[in-house]
Protein chains: 2
Amino acid sequence: MAAVRNAPRNAPRNAAVTVHLVILTVLDDELVALVLAGNPNRVRLPSGRVVDDEELRRTAERTLWELTGLESTDVHVEQLATYGAPRQVTVAYLAIIPGVAAEAITDVDLEVAVGDDGVGIDPDDDSAPEDEADRADEDEAEWLPVGELLDNPDCLAFNHHQILDDGVERARAKLEYSTLGTAFCPDEFTIGDLRRVYQAVWDTTLDPRNFHRKVSTTADFLVETGRITSGESGRPARLFRRGDVDRLHPALLRPTD
Amino acid sequence: MAAVRNAPRNAPRNAAVTVHLVILTVLDDELVALVLAGNPNRVRLPSGRVVDDEELRRTAERTLWELTGLESTDVHVEQLATYGAPRQVTVAYLAIIPGVAAEAITDVDLEVAVGDDGVGIDPDDDSAPEDEADRADEDEAEWLPVGELLDNPDCLAFNHHQILDDGVERARAKLEYSTLGTAFCPDEFTIGDLRRVYQAVWDTTLDPRNFHRKVSTTADFLVETGRITSGESGRPARLFRRGDVDRLHPALLRPTD
DNA sequence: GCAAAAGTGTTTAGCTTACACCCATGT
DNA sequence: ACATGGGTGTAAGCTAAACACTTTTGC
């Protein structure tokens, strides 16, 4: 049946490779993403160009550092997906940072942190007019609720709505079968803190008693520090650190309704 | 805390973009992958260059078609991950094809099906000596057991061991919570056929009775055709088609031992 | 004392596992 | 008759959902 199938084709061309970032955190019990305000009424995701012989992951981590000052050791970074366009390939990464670290990043800090010197454009670079990776200067960065961003498909430029949607869905899914939820928490946190992260990411409510039992009986999910909270309303809570495991057995499934 | 963090950097360069394929099927109750025999003792995964303004997915599907003659409507194709190297970006795709379709692809067919005319190399293409996407002619393609390929890390060239490992793990994981297993089956298949797919991919054995109940009671996983098998040993089995659902609720978990 | 959040115990329902058992066909 | 694989029934064990209840703090 199958025979020679050499289709005629033109010469392969090189493509500009950019990295885009979906940076998520939880602020005030709400899942928010870091976006740059460029054109009026249109925000976009942070991005960076692959420079020199950088690894893709290193590009993502460097761009994240330029935006937030956070080292990759403090942040969860994983590859999301790659989106191809003519002459332009975008590799999207998902970054998850603790809410307390996000609070330290003010708009003032962010305003000048993004930039691309843009010297020495490659001779082959006949990129499309919609080239987005350059001239990121003078843009303000802000944390916007994911719910609003996803509900209004037009408020994100280019294909960034798709990328954000993929990133949020990845995060939501991974909370079920992995310990990724702790990446939203600071070094030490209570089980209630972790539950509020789950509730914010899943946009739902969870029974505090059952959640407590579930995470506290899953071996190596949480490690007790011996310290407890104080000064807050209610009974003091034990403080925990992330444990060693990555996967949750059995999973902690989202409510079905 | 954070201030201006414009690190000095050189001009961004364009990269050659190639697509690599992890093509899996089940032959004789064994999970096998399609590999090309190039250098002695070293096989590699099929690959294709992105030509013209192709979408990445289209490149993957075109390359698969050149190799196997299969249309993308008959095959499950999903993006796996992207691996970055200097001047070279590889986007890996996972393809799953039915065993009966794989049997129709003989070595004779495959021998001449792979090729790259290689005209008009881009002036910017100062790719590393290990450029792998070209001169794929004269290579023979064959189905090799995944177990053997993964047990011998040196038998796959470049980073193809890593790519294959990622692809196999993706397939194994997705059998748990999705209906991907049916992609290994022909249009009509029995529950026993599907169970042998699960057993081959997971390299384990499953209780036929419990597996039968599980898949037959999960709504919309399988659709009865009304036909039954005949001519084989044992009681005839009902023939099914894939149902509409993509996700399995609840999941069909791998045995833990 | 009262509100608020942490944490424990108990019941019930659903799902998985293991396995006994029956069914329908080829040889 | 018997081997072979298809298919059903059932009891035991594990898990999660729902919720009553106790504990320990701040005010």
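Below, chains carry the letters A, B, ... as their sequence lines are ordered, and counting in each starts from 1.
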Given [options], the one that forms side chain to side chain contact (heavy atoms under 4.5 Å, CB included) with [X]:
X	options	answer
B/Cys185	B/Val100, B/Val197, B/Thr190, B/Val26	B/Val197
B/Leu144	B/Leu149, B/Leu156, B/Leu34	B/Leu149
A/Leu180	A/Leu248, A/Leu175, A/Val201	A/Leu175

Report task. Please state how far atom CG in A/Leu222 lies from atom C1' in C/dG7, giving the value in whole angstrom units. Result ->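 Whole-Å distance recorded here is 14 Å.
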**Report entry** Distance in angstrom units between B/Leu206 CG and C/dT17 P, rounded
**Finding:**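 In whole Å, C/dT17 P and B/Leu206 CG are 9 Å from each other.
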Query raised in the report: Which residues within residues 231-241 of chain A lie with some heavy atom under 4.0 Å of an atom in DNA chain C?
Result: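 Residues of residues 231-241 of chain A that come under 4.0 Å of DNA chain C are, in numerical order, A/Ser233, A/Gly234, A/Arg235, A/Pro236, A/Ala237, A/Arg238.
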Query raised in the report: Tell me, which of residues 174-197 of chain A have any heavy atom that sits under 4.0 Å from an atom in DNA chain C?
Result: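 Close to the strand are A/Gly192, A/Arg195.
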Query - Short side-chain donor-acceptor distance under 3.5 Å, A/Asp246 and A/Tyr177 - result: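 No - no donor-acceptor pair under 3.5 Å links their side chains.
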Query raised in the report: Does a donor on one side chain and an acceptor on the other come within less than 3.5 Å for A/Asn152 and A/Glu148?
Result: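 Result is no, nothing qualifies.
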Query raised in the report: Which comes earlier along DNA chain C counting from the 5' end, the contact point of B/Leu253 or that of A/Ser216, where each point is its nearest nucleotide?
Result: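 Nearest-nucleotide comparison on DNA chain C picks A/Ser216.
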Query - Nearest-nucleotide comparison on DNA chain C, the residue closer to the 5′ end among A/His212 and B/Arg254 - result: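 Its nearest nucleotide lies further toward 5', so the answer is A/His212.
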**Report entry** Pairwise distance SG(B/Cys155) to CG(B/Leu150) - rounded to 0.5 angstrom
**Finding:**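 Between atom SG of B/Cys155 and atom CG of B/Leu150 there are 8.5 Å.
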Query raised in the report: What is the distance from atom CG of A/Leu24 to atom CG of A/Leu31, rounded to the nearest 0.5 Å?
Result: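 A/Leu24 CG to A/Leu31 CG: 5.5 Å, rounded to 0.5 Å.
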Between the protein and nucleotides 14-16 of chain C, list the N/O to N/O atom pairs that are separated by less than 3.5 angstrom.
residue: C/dT16; atom: OP1; partner: B/Lys214; partner atom: NZ; Å: 2.8

Requested in this report: Identify, between A/Asn210 and A/Ile228, the residue whose nearest nucleotide on DNA chain D lies closer to the 5' end.
Outcome: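 On the 5' side of the pair lies A/Asn210.
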Query - Carboxylate-amine/guanidinium proximity below 4.0 Å for B/Lys174 and B/Glu78 - result: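 So B/Lys174 pairs with B/Glu78 through a salt bridge.
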Report task. Would you mind checking if A/Glu176 and A/Arg170 are paired as a salt bridge, meaning a charged N to carboxylate O distance below 4.0 Å? Result ->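 The answer is no: the pair does not qualify as a salt bridge.
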**Report entry** For A/Lys214, all residues meeting side-chain hydrogen bond (donor to acceptor under 3.5 Å, both in side chains), sequence neighbours excluded
**Finding:**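 A/Lys214 satisfies side-chain hydrogen bond (donor to acceptor under 3.5 Å, both in side chains) with no other residue.
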Requested in this report: Would you please indicate yes or no on a ring centroid separation below 6.0 angstrom for A/Phe189 and A/Phe240?
Outcome: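 When the ring centroids of A/Phe240 and A/Phe189 are compared, they turn out to be at least 6.0 Å apart.
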Query raised in the report: Could you give all pairs that pass the side-chain hydrogen bond (donor to acceptor under 3.5 Å, both in side chains) test and reach residues 220-229 of chain B, with sequence neighbours left out?
Result: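 Residue pairs with at least one partner in residues 220-229 of chain B: B/Glu188-B/Arg227.
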Query raised in the report: Can you name the closest pair of heavy atoms from A/Glu61 and A/Ser72 and give their distance?
Result: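 Nearest heavy atoms, A/Glu61 then A/Ser72: CD-CB, 3.4 Å.
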Requested in this report: Could you tell me from which nucleotide to which nucleotide of DNA chain D, 5' to 3', there is an atom under 4.0 Å from chain B heavy atoms?
Outcome: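 Listed 5' to 3', the contact boundaries are D/dT4 to D/dT10.
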